[in-house]
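The structure under discussion appears below in the form of structure tokens.
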Amino acid sequence: DIPKGITSLNKNLFYKCTQLKSITIPEGVKELGISVFEECSSLETIILPEGLVLINDKAFYHCYNIQSIFIPESVRTIGDFVFHSCSNLQSIVLPKGVTRIGEELFNTCSRLQSITIPESVNDISNNAFQSCSSLPSIIIPESVTIFKNYVFYQCSSLQSFTIPSKVETIEIGAFQSCSSLQSIIIPKSVTTIGISVFKSCVSLLSIAISGNLKIISEFAFNDCINLQ
């Protein structure tokens, strides 16, 4: 057990503790350090305390056996790569104070089926949901104004998607290889569609584009073989 009185779990503290299956973090801990549980490949259950504020980069990187995790409402910052390759993670709710979804935060969470993103989020970073191949749908807050590089790349179960009405730019490969995506509406706010944004969306049947669009980059609809 982790003793009471500790306020921070430092960098790499439990790195590659491959036999660790469960852990309860006591009240009073406000920060999880970089890679604190990285490659704890047997970790299934973790209880985070109310009062936790910061989850640093790669905190649960390659924790393959975590199926669900409750993140306390006190958390304000979740770093990059935190849940990368948590391939058994099935659902997660992000707390209301979080404003940013970090780079590659859920990359290769291949069994993720449900995620709740609060209205406070205004920044979704590169590759955030890459290869979330079981995610059928996702609701993005209206506060988001840019879809960054490869944000939904290879989300192969994503069938429909609503782009928030304030999004102005869709960057490189944002929906590339979303092979189940059938239709999408580009709102009037969008002025730029980047390289390969819808490349290899082989199920895409229709797309509605507004007259405000100024730039459609190369390969934007490459290999959209059913687009009519």
Side-chain angles (χ1 to χ4, degrees), residues 80-81 83-87 89-92 94 100-119 121-228:
D80 300 330
F81 305 93
F83 299 105
H84 191 298
S85 298
C86 290
S87 53
L89 185 66
Q90 296 180 24
S91 64
I92 194 165
L94 299 180
R100 175 180 180 267
I101 294 179
E103 189 167 335
E104 302 197 34
L105 183 61
F106 297 103
N107 192 341
T108 319
C109 289
S110 54
R111 289 183 176 83
L112 186 66
Q113 297 181 35
S114 173
I115 182 168
T116 302
I117 301 174
E119 291 295 323
V121 168
N122 55 38
D123 183 6
I124 301 178
S125 298
N126 297 340
N127 306 77
F129 297 99
Q130 179 178 332
S131 298
C132 289
S133 54
S134 297
L135 192 65
S137 63
I138 186 169
I139 298 173
I140 303 297
E142 286 292 321
S143 50
V144 173
T145 60
I146 184 170
F147 281 171
K148 295 184 178 178
N149 298 336
Y150 300 103
V151 63
F152 299 108
Y153 178 60
Q154 290 185 336
C155 287
S156 55
S157 294
L158 197 63
Q159 295 184 12
S160 62
F161 191 89
T162 301
I163 297 176
S165 60
K166 295 179 182 179
V167 169
E168 299 175 359
T169 301
I170 306 174
E171 291 189 344
I172 298 171
F175 295 94
Q176 184 175 338
S177 298
C178 289
S179 56
S180 296
L181 189 66
Q182 296 183 18
S183 64
I184 196 162
I185 297 173
I186 308 294
K188 294 179 180 179
S189 57
V190 174
T191 60
T192 302
I193 292 178
I195 297 168
S196 301
V197 164
F198 297 103
K199 182 179 180 180
S200 299
C201 290
V202 294
S203 297
L204 191 64
L205 300 173
S206 64
I207 188 164
I209 299 176
S210 79
N212 295 328
L213 197 60
K214 296 178 181 178
I215 298 172
I216 302 178
S217 301
E218 55 264 43
F219 307 111
F221 302 102
N222 193 21
D223 290 329
C224 293
I225 58 176
N226 286 301
L227 188 61
Q228 300 175 20

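For the numbers below, each heavy atom of this structure counts, side chains included, while hydrogens, waters and symmetry mates do not. None of these values were measured; they are calculated from a predicted model.
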Could you report the tightest heavy-atom contact between I101 and A128, atom names first, then the distance? CG2-CB, 3.9 Å

Please examine the side chains of T145 and N122, heavy atoms only from C-beta on, and report whether any two atoms are closer than 4.5 Å. no

Sole candidate of F129, F106, F198 that passes ring pair (Phe, Tyr, Trp, His ring centres under 6.0 Å) when paired with F152: F129

I193 to A220 - nearest heavy-atom pair and separation: CG2-CB, 4.2 Å

Which heavy atom in P187 sits nearest to a heavy atom in P164, and how many Å separate them? CG-O, 3.5 Å

Report the distance from atom OG1 of T108 to atom CG of N127, rounding to the nearest 0.5 Å. 9.5 Å

Tell me if a side-chain donor or acceptor on S189 pairs with a main-chain N or O of E168 at a distance below 3.5 Å. no

D80 side-chain N/O to E103 backbone N/O, donor-acceptor pair under 3.5 Å: yes

Checking S203 side chain against S179 main chain: does a donor-acceptor pair fall under 3.5 Å? yes

Inter-residue atom distance S206.OG - L227.CG, 0.5 Å rounding: 7.5 Å

Taking salt bridge (charged side-chain N to carboxylate O under 4.0 Å, His left out) as the test, write out the residues that go with K199, two or more places apart. none

Side chain to side chain contact (heavy atoms under 4.5 Å, CB included) test vs I184 passes for just one of I163, T162, L158, namely I163

What's the spacing between I170 CD1 and I172 CD1 if we round to 0.5 Å? 13.0 Å

Determine the minimum heavy-atom distance between S133 and S157, stating which atoms define it. O-OG, 2.5 Å

Does a donor on one side chain sit under 3.5 Å from an acceptor on the other, for S131 and Q154? yes

K148 vs D123, side-chain contact (heavy atoms from CB on, under 4.5 Å): CA-CA, chis, key distance, verdict: CA-CA 9 Å; K148 295 184 178 178; D123 183 6; 2.9 Å; yes

Taking all non-hydrogen atoms of both residues, which atom of F147 and which atom of A174 are closest, and how far apart? CB-CB, 4.5 Å

By ring-ring contact (aromatic ring centres under 6.0 Å, His included), which residues pair with Y150, not counting sequence neighbours? Y153

Counting only N and O atoms by type, is there a donor-acceptor contact under 3.5 Å from the side chain of N126 to the main-chain atoms of N149? yes

For side-chain contact (heavy atoms from CB on, under 4.5 Å), just list the numbers for V144 and I117, CA-CA rounded to whole Å, side-chain angles, deciding distance to a tenth of an Å, and then say yes or no. CA-CA 11 Å; V144 173; I117 301 174; over 6 Å; no

Do you see a donor-acceptor pair shorter than 3.5 Å between the side chains of S165 and E142? yes

Could you tell me whether the side chain of S200 and the main chain of Q176 form a donor-acceptor pair under 3.5 Å? no

Using every non-hydrogen atom in the two residues, find where L135 and S114 come nearest and quote the distance to one decimal. CD1-N, 4.0 Å

Could you give the distance from CD1 (I209) to CD1 (I216), rounded to the nearest 0.5 Å? 4.5 Å

Would you find more than 12 non-hydrogen atoms of other residues, nucleotides or ligands less than 6.0 Å from I139 atom CD1? no

If you count every heavy atom of other residues, nucleotides or ligands that lies below 6.0 Å from I185 atom CD1, does the total exceed 12? no

So, taking the atom named CD in Q113 and the one named OG in S134, what distance separates them when rounded to the nearest 0.5 Å? 5.5 Å

Any side-chain heavy-atom pair of F83 and L112 under 4.5 Å: no

Counting heavy atoms not belonging to F221, are there more than 12 under 6.0 Å from its CZ? yes

Residue pairs involving residues 206-222 (criterion salt bridge (Lys or Arg N to Asp or Glu O under 4.0 Å); sequence neighbours excluded): none

d(I140 CD1, E119 CD) to nearest 0.5 Å is 10.5 Å

